[in-house]
Each structure stands twice: as C-alpha cells, then as structure tokens.
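In what follows, chains are A, B, ... by sequence order, proteins preceding strands, each numbered from 1.
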2 protein chains.
Amino acid sequence: MKNISDIAKLAGVSKSTVSRYLNDGSVSKKTRLKLSKIINEHDYQPNQFAQSLRATQTHLIGAIIPRMNSYAVDETIKGIVSQCHQHHYQLLLNYTGLQIEAEIDAIETLSRSKVDAIILMATDITESHLEVIDKADVPIIIVGQNYPGLHSITHDDYQAGLSVGNWIGQRQPHHVHFFSVTENDIAVGIHRKNGLLDGLASHQIKPSIFETSFKYENALEDVQQYLSQIDKVDVLVGATDAIALAIHKYSFNSERNCKPTIIHGFGGDPMTQIVSPSIRTIQFNYFEAGKRAMTEVRQLIKNEKTEESVVIPVKL
Amino acid sequence: MKNISDIAKLAGVSKSTVSRYLNDGSVSKKTRLKLSKIINEHDYQPNQFAQSLRATQTHLIGAIIPRMNSYAVDETIKGIVSQCHQHHYQLLLNYTGLQIEAEIDAIETLSRSKVDAIILMATDITESHLEVIDKADVPIIIVGQNYPGLHSITHDDYQAGLSVGNWIGQRQPHHVHFFSVTENDIAVGIHRKNGLLDGLASHQIKPSIFETSFKYENALEDVQQYLSQIDKVDVLVGATDAIALAIHKYSFNSERNCKPTIIHGFGGDPMTQIVSPSIRTIQFNYFEAGKRAMTEVRQLIKNEKTEESVVIPVKL
DNA sequence: CTGTTAGCGCATTCAA
DNA sequence: TTGAATGCGCTAACAG
C-alpha cells in the first residue's frame, strides 16, 4: 500500500503539499492537477490510523445494540446511519445479545477505540453502567430510556399509552386486560402503563393488569396461563408488540374459542400486520429518534450544551 | 488520557520496558509488579491507533450486512460475534439497507479502515463488487452466496430443497404451488428450487412455479394476484420464510375461502411459528455459518490456504 | 504557494 | 533485564 511519501515522490513535491492537497487545499492549480492524477492512478487512500493518531477526532461513532432482529433497533439504526453518511461518520456497531455484561464491555472497548461518541440503546441502566460511563471520557447518549444526569432520547410513552387508552375507551369494551412489564423499565413499565390507564380511566374503564416478560417465549407462557382462567375478553393489550403477538398466538389457537375482538400492541412492528387478524399498534418514531441521537451526539462532540433529555413525539 | 511515557515516568522505567510488559513480558518481577499496580491505578489503556499504525494487524473485522431485522442475519452475526470475542477481534458492522451501492462503498471504507478481513453477507454479487473486491487488498469472504474465485460460506440449499420436496411428496398432495425468486440469486433461485423440484419429482409431483420478490410487500401483491386465479391449493411453498408469510397472510385472509392445508417456507424464521396456523419451515445453520466464516477468515489472515467454498449442511 | 521539521503513541531493533 | 534510538503515516507549525 502506498503512503503519502510515495505520492509526494511521484509528484515531485513534499509530503506536506500532498497533505495540504488532501485537507485545506492551499495548493497551486498545477500541482493540484498533478496530484489529483497520481492519487487516482494509484488509488491512494490516507491511512486512517495515522490520521487518528494525530487528530483528536476519529470520526467514529460507536453504537451499542441489544439485539438485531428487532424493528425498533433496525429503524433507529437506519436513522443513525442516514446522519452518519451525511456528516462523514463511520458507525461502529456493537452487538450485545441483550447481555448487560456485554454492554459494559462494549462501552469500554469503544472508548478504547477512541470513538467520538457512543450511542447506547439500553434496556436497563444499572450501577455498572453508570460506573463505566463515568470513567469513559466519551460523550454517551442513551436511546430509549432516560436517566437523570445522562443524555437521552426517549419516545413519549405516556402519550402513546394515553392515545391507545382513549382509542380503546371510545369503543366501550367491557373486558380489558393489559399485559404490562416490570417497572424497572421506566419507559415501558411505568410511563406507558400510566398513559394507558389514564386514557382508559377517562372512559371509566379499569383494566385488569398482569405483568409479564419482554421476551416472546416467556410472554407466551404467561399469557397462556393467565388467559386460560379468563372467559370473557373484549380487548387485550400488550405493553409491546412482541407481547401482543404472544397474546395473538394464544388467542387464535384453534383450541381456544373465546377470542378477543381487538388485540393492541405498542411499537409499530410490521409483524403485527402480517398475522391475521392483524394487531392494532401505535407507531413510534424510531427513525426520527436515530436521527435526533446523531444531532445530539454531534453537539456533544462539539462540546456545545444540549438538552439533557429529548422526547420524541409518537405518530398519532 | 495517559500514554505510555506517563506510565514509564511514574514507574521510573523507560517506555520500552512498559511496552515489553504489555506484550512479551520479559520484565523482572519487581518492575512487573510496580507496573501492574500503576497501570491499574490509572487504568491506562494503550492507544489502539498507535498500535495499529505500527502493526500490520488491527484486530478489526468488518462485516457488511444488507439489513438488520432479519433472523438469518441476526443469527449469523451472533455466530461471528461469538468467535470475535474468543479471538479478541472487534467487529465493525456496516449496514447497507439492501442497497448495492452502499455495499460497494462499505467495502472501500472498511478496507481503508484497514480491517484485517471483511465478511460480506451479500444478496447478489455484481460486476462492481468484483472490481472493488479486487482492488481492496483485504481478505474477503462471502456468506450466503458463492462466486467462482471468491471465498464463501453457503448453506446447502439443494439439500434443503430436496428435503422439503420429499417431505411434501410423502403427503401426496394434488395441488402444489411454488413461489420462487429470480435466478440471479444462485443459492435460492436455482439450487433451492432445483432441490425442491427433484424432491417432489421423486414422488411424481410437478408443482406450478411462480416467480416473485424477496420483499414481503412485493411478494404479497404477487401472491394475491396469482392465487386469486387459482381455486385448488393443497400445499403452497415460498422460497423464503418471508414469501411464505406473504402466502399465509393472503391465504388466511377472511375473504378467502380456499385455504391450503400446508404452507412451507425456508429459513427457520421464528415468525413462521408465531402466525396461526403456523408455517412449516426448514432450519439453516446460520449461527454455524457465522462461526465458520470467522474460522475461515482467521485462516485467510494468517495467509493459510483454505477451501474456497464451504458448504454448511442444513438441520434435518 | 511550498518545504523542513517535529511529534502523535507505540513496538522494535540494538547495545549495554 | 533494561534503555536509547528509530520509524509507522500523517498533520501542523514555522520559515521561506
């Protein structure tokens, strides 16, 4: 692989001229043309490591994702990527497979890799998270959860819940059951639930609530166990689309004859439209959240102050 | 951030001793203890860029993925990640959103980033691919497709097709329809199809074949148009699980009364089990393919010769 | 507009 | 076992 000196020699100029040509551009037309030609001929590419070694910026953004085959993650990353392209950042993806420890590791590794910033799509912020985040002297932004003292992008879960609650309430159902998740997850387990309850309450409806898991398989078991004891259902709501899909699976099982008129989820996962009958869901602006994460990140890199917590409105 | 000289000074030794401590280890016990302590105290981490600048290896593997919310991609990446961890490689993921041009770009960017190797999960190898691959002096391995002259990991699509064909044949169905894809995709469009046809043929069954798209939305339209003209269906086969899901969606639409007894897909996507009635599918060893890709890659990096084309057997 | 020089942080000679 | 010196490829002062 050729380096800058080779090009300089070939062009009969000094390294600095080549460097200047590559960066500022304060170079005479003649040499510019000459260099342009030579660089193309040899398709020379400056060595990123040498560049990064000198510069403080690496133009690398690290993103930590808990899983991959998820509509939410996919859309968010798309949003991030779109901005990366535009601003010439490279995205360094780090996949954790939903394991907390891997998340911590990833933060360390990425900050060692001198990424300019880290975008963390976390499910849950633990003590260990805070420790590493504190140590790593890299701007970090959390997407999907917020935490006092950390920069974050979240969706308006309360609003989403409220909207769904109202929509359901208007239909005057008698038997509403809500499958929620742990309150450890502030966004989903608390805000979303509260929104839903308030929405329903404004129509004098009080659903029964049952707590289950984020994981489809576990949710399926729970739903099965719970619903087998219930004989009247009008509306079944899952706190996430995955849970709604589990509800659907059990409800439209051939053995089961008490079927709900409506199943509702949260998230806008296309899968809700693939099953029959389809599941009603509410769209979050994942793509927008990804884009916004990048603009925040760029602010942070430039050391400009930004709002600590950004809330993305839901699609209504 | 501290650097190697800082540590050296603090320990009262020279930089080279610190470096040696970090690498070989030919250091006296005394200084080793001293260094160990100091390095921990200041949680010093050697600068990766400086290391990479000197070394030829960067311990970076680039992976190019066409999309994210896909079971196949997810599982394959899991396999890759598992090996990366074990051998201390960092994975640099590059997401292309199914766009050929982005794929080409990614290859260039990654080779500029001096990754030690590239794993490409391609859908289709075009002329442009070959050009960049040729130029980039980085070992590249293709997962999911093979191409003469390129290293690749593929699944045994013919075997999968054959197995499915036999399974279906044993049930002696009368009306079998197969929704295939373009023959540009050698693996799916040709091998998988041929396997299926041969398997069915051994039971004297000749299905009608219709070519559709990989994309769910397009497949749904095609399926709709095609099936609306057909009044007898026993078994409907999609060349991929996504296509099978489209078939399912249309077939179990309430308006439709001619329903198939079996829908069959390829890939083992969990979604096939979530819909009701569930879709039969066949598992590919995606995880294994990912792992294998890494072992091949490591061979290539070491410049050891490997088989050009590795075929992963399907799960039967 | 251009060249010389120095240094980013590290690993590796070569002597001691 | 240790230290001094050198260079990986690049950019930024500085001087011309």
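Among the nucleotides dC10(C), dA13(D), dT11(D), the one closest to any side-chain atom of Arg20(A) is dA13(D). Taking the side chain of Ser26(A) as heavy atoms from C-beta on, and the options dC10(D), dT2(D), dT2(C), the nearest nucleotide is dT2(C). Distance from the side chain of Gln51(A) is smallest for dT11(D) among the nucleotides dG3(C), dA11(C), dT11(D). Among the nucleotides dG3(C), dG9(C), dT2(D), the one closest to the side chain of Asn3(B) is dG9(C). Each of dC10(D), dG9(C), dG3(C) was ranked by its minimum atom distance to the side chain of Leu53(A); first place goes to dG9(C).
Using a 4.0 Å heavy-atom cutoff across all strands shown, Ser52(A) reaches no nucleic acid atom at all. The residue Ser28(B) sits close only to the backbone: its heavy atoms come under 4.0 Å of sugar-phosphate atoms, none of a base.
The separation between Asn23(B) atom CG and dA11(C) atom C1' is 7 Å, rounded to whole Å. If you take OH of Tyr21(B) and P of dG9(C), they are 21 Å apart, rounded to a whole angstrom. We find that NZ of Lys114(B) is positioned 9 Å from P of dG9(D), with the value rounded to whole Å. The distance from atom CG of Leu22(B) to atom P of dG9(C) is 15 Å, rounded to the nearest whole Å. Between the CG atom of Leu35(A) and the P atom of dC10(D) there is a distance of 13 Å, given to the nearest Å. Atom CD in Gln48(B) sits about 13 Å away from atom C1' in dC10(C), given to the nearest Å. Distance CZ (Phe49(A)) to C1' (dG9(C)): 14 Å, rounded to an integer number of Å. Rounded to whole Å, the distance from CG on Asn47(B) to C1' on dC10(D) is 14 Å.
In terms of phosphate contacts, Tyr44(B) brings a side-chain nitrogen or oxygen within less than 4.0 Å of OP1 or OP2 of dC10(C). For the OP1/OP2 pair of dT2(C) and a distance below 4.0 Å, the side-chain nitrogens and oxygens of Thr31(A) include at least one atom meeting the criterion.
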message: Does Val143(A) form a side chain to side chain contact (heavy atoms under 4.5 Å, CB included) with Thr76(A)? I'd like the steps, not just the answer.
response: CA-CA 9 Å; Val143(A) 177; Thr76(A) 311; 4.2 Å; yes
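The ring-ring contact (aromatic ring centres under 6.0 Å, His included) pairs that include a residue from residues 61-94 of chain A are His59(A)-Tyr89(A), Tyr71(A)-Tyr286(A), where partners are two or more places apart or lie in different chains.
When the nearest nucleotides of DNA chain D are assigned to Ser16(B) and Val18(A) by heavy-atom distance, the more 5′-ward of the two goes with Ser16(B). A residue-by-residue look at Lys15(A) and Arg32(A) shows that Arg32(A) has its nearest nucleotide of DNA chain C further toward the 5' end.
Using a 3.5 Å distance cut-off with no hydrogens or angles, the side chains of Thr154(B) and Ser152(B) do not pair a donor with an acceptor.
Checked for salt-bridge contact, Arg292(A) and Glu288(A) miss the test: no charged N lies under 4.0 Å from a carboxylate O. A salt bridge links Lys135(A) with Asp43(B): the closest approach of a Lys/Arg side-chain nitrogen to an acidic carboxylate oxygen falls below 4.0 angstrom.
For a distance-only test at 3.5 Å, the side chain of Arg54(B) fails to qualify as a donor-acceptor partner of the base of dG9(D).
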